[in-house]
Peer 1: 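Pasting in a structure now, in structure tokens, and then I'll have a few things to ask.
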Amino acid sequence: MSDKKVRVRFAPSPTGGLHLGGVRTVLYNYLFAKKHGGDFIVRIEDTDQTRFVPGAEDYIFECLKWAGLEPDESVQHGGNYGPYRQSERKELYRNYADQLVAEGHAYYAFDTPEELDQMRQQYKTDENPAPQYDQKVRMQMRNSLTLDGDTVHELMHSDTPYVIRIKMPENETVSFNDMIRGEVSFNTSVVDDKVLLKADGMPTYHLAVVVDDHLMEISHAFRGEEWLPSAPVHVLLWKYLFGEDKMPQWAHFPLILGPNGKLSKRDGAKYGFPVFAMNWKDPKSDELTEGFKEKGFLPEAFINLLAVLGWNDGTEQELFSIEEMIDKFSMDRVHSAAPNSIMKKRNGSTRSGSKNWMHRL
RNA sequence: GGCGCGUUGGUCAAGGGGUUAAGACGCCUCCCUUUCACGGAGGAAUCACGGGUUCGAUUCCCGUACGCGCUACCA
């Protein structure tokens with residue numbers, strides 16, 4: 001971490017409004033990069049073509065601009081590691097997936113959605129309500145592990161759709177050091193054979209994040225805690241493809257919770273507290289969700305609020321300028337516990353805080 | 001169900017093997033006197049529960065409970 005230039009990335013998928021948690025992830029990325037003289041990259045993760053939402057990408061950049069968290073590299077800012085939109089990198093991923101198959105770490109799977117559904121129904125019990133495509137069932141499915149070579153060859157050269165799945169090893173322990181949580185480990189037997197390359201030729205997040213982090217020379221990879229369960233897949237992919245020693249340092253941020261779990265835009269409407277950075281109007285439904293900007297928050301106040309949602313500098317200070325944050329930020333001072341509901345926090349904020357942070361224009 | 005992460009006062013939240021366990025909001029008492037987020041002085045907490053390690057645990061380990069997350073050809 002000392003010999004490598006710090007390069008971090010925020011990788012949103014352009015599917016709708018930019019959530020509070022997303023902006024906080026951006027902020028921590030930004031602070032970390034600036035503190036260490038590194039680069040902050042924004043990479044658009046648009047590999048799911050069924051979820052494409054027109055305008056969402058531009059909207060994300062507008063939010064970052066308003067918040068004052070401009071990337072050094074992105075589709076809009078240029079850079080030497082492009083393209084910065086994964087849909088435009090489609091051709092890159094296939095070779096890595098094939099390489100994994102060739103080396104025995106992955107396999108071709110021909111199961112149709114109906115067959116997958118059938119498998120889940122068949123193995124579903126009270127004890128196991130969510131059966132996975134894993135080592136226990138993969139030998140019962142239609143894939144290059146169970147089919148003979150000729151059949152596989154034939155299927156692949158007809159127009160039969162297929163995916164590439166990772167072959168999770170049996171009973172190995174995968175562990176890594178999270179900058180916030182310390183050592184985290186998993187047994188590979190309980191992780192399923194995630195799809196790496198989809199039938200349409202697009203990678204899933206799992207493959208794309210590893211390939212792109214490598215190609216873009218990302219040194220530290222930060223994301224929300226919801227990714228922790230699939231981290232072993234990513235660690236294994238790094239090991240198979242590029243070497244575990246090249247893997248970025250991970251940090252998984254605690255989720256920002258609403259009154260009933262994961263904060264949703266519905267909570268925002270219900271409690272009169274914004275969830276998105278800026279107004280977002282869904283192009284399909286025309287539904288408008290209010291943002292912090294339109295609610296009257298100053299960007300500095302918004303950023304400050306987010307900064308202390310999970311981080312503190314060890315003193316009693318709770319009002320920071322962006323320069324102070326850059327100066328004082330450190331990942332090991334990010335709390336591992338989810339900050340209790342932002343709605344409550346708003347009520348528990350200090351008087352001076354209320355005056356300065358939340359003040360309307 | 002499985003796996004993972006988490007759990008400090010009414011609320012938000014520092015700290016983290018030996019402390020009087022910060023601070024803020026709220027609450028109570030008082031001062032100022034004034035209110036509609038005014039100012040000031042005080043008051044109230046054995047850190048979810050049960051074991052273990054240790055001279056000593058709120059801090060480390062295990063279990064339980066509870067909360068949250070993941071368990072898609074979504075990210």
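Order of the sequence lines fixes the chain letters, A, B, ..., with proteins taken first and strands second; residue numbering starts at 1 for each chain.
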Peer 1: Base, sugar-phosphate alone, or nothing: which one does A:Ala337 contact when heavy atoms must sit under 4.0 Å apart?
Peer 2: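 Sugar-phosphate only.
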Peer 1: How long is the line joining CD1 of A:Ile256 and P of B:G67, in whole Å?
Peer 2: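 Value for this atom pair: 22 Å.
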Peer 1: Are the side chain of A:Lys35 and the backbone of A:Asp327 linked by a donor-acceptor contact shorter than 3.5 Å?
Peer 2: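 Yes: the side chain of A:Lys35 pairs with the backbone of A:Asp327.
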Peer 1: Please report the C-alpha distance between A:Asp193 and A:Tyr107 in whole Å, then the side-chain angles of each, then the deciding distance to 0.1 Å, and finally whether the side chain to side chain donor-acceptor pair (under 3.5 Å) criterion is met.
Peer 2: CA-CA 10 Å; A:Asp193 290 354; A:Tyr107 56 92; 2.6 Å; yes
Peer 1: Answer with yes or no whether the hydrophobic clustering places A:Leu69 together with A:Ile256; edges join I, L, V, M, F, W, Y residues whose side-chain heavy atoms lie under 4.5 Å apart.
Peer 2: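 Result: yes, single cluster for both.
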Peer 1: Taking A:Glu127's backbone N and O only, do any of them form a donor-acceptor pair with A:Thr125's side chain (distance below 3.5 Å, no angle check)?
Peer 2: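 Pair found, side chain donor or acceptor close to backbone of A:Glu127.
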Peer 1: Need one value for A:Thr15: base, sugar-phosphate or nothing, where a base atom within 4.0 Å counts as base even if backbone is also close, heavy atoms only.
Peer 2: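 Touches nothing.
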Peer 1: Over all strands shown, is A:Asp111 touching base, sugar-phosphate only, or nothing at heavy-atom distances under 4.0 angstrom?
Peer 2: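 Base contact - A:Asp111 has a heavy atom under 4.0 Å of at least one base atom.
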Peer 1: Mind checking if A:His252 touches a base, just sugar-phosphate, or nothing, with heavy atoms under 4.0 Å?
Peer 2: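 Result for A:His252 = nothing.
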Peer 1: In whole angstrom, what separates A:Asp134's CG from B:G2's C1'?
Peer 2: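 Taking atom C1' of B:G2 as the reference, CG of A:Asp134 is at 10 Å.
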Peer 1: How do A:Val190 and A:Glu45 order along RNA chain B: which one's closest nucleotide is nearer the 5' end?
Peer 2: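 Taking each residue's closest nucleotide, the earlier one in sequence belongs to A:Val190.
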Peer 1: At under 4.0 Å between heavy atoms, what does A:Val209 touch on the DNA or RNA strands: base, sugar-phosphate, or nothing?
Peer 2: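 It contacts nothing in the nucleic acid.
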Peer 1: Please classify the nucleic acid contact of A:Arg120 as base, sugar-phosphate, or nothing, using heavy-atom distances under 4.0 Å.
Peer 2: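 Result for A:Arg120 = sugar-phosphate.
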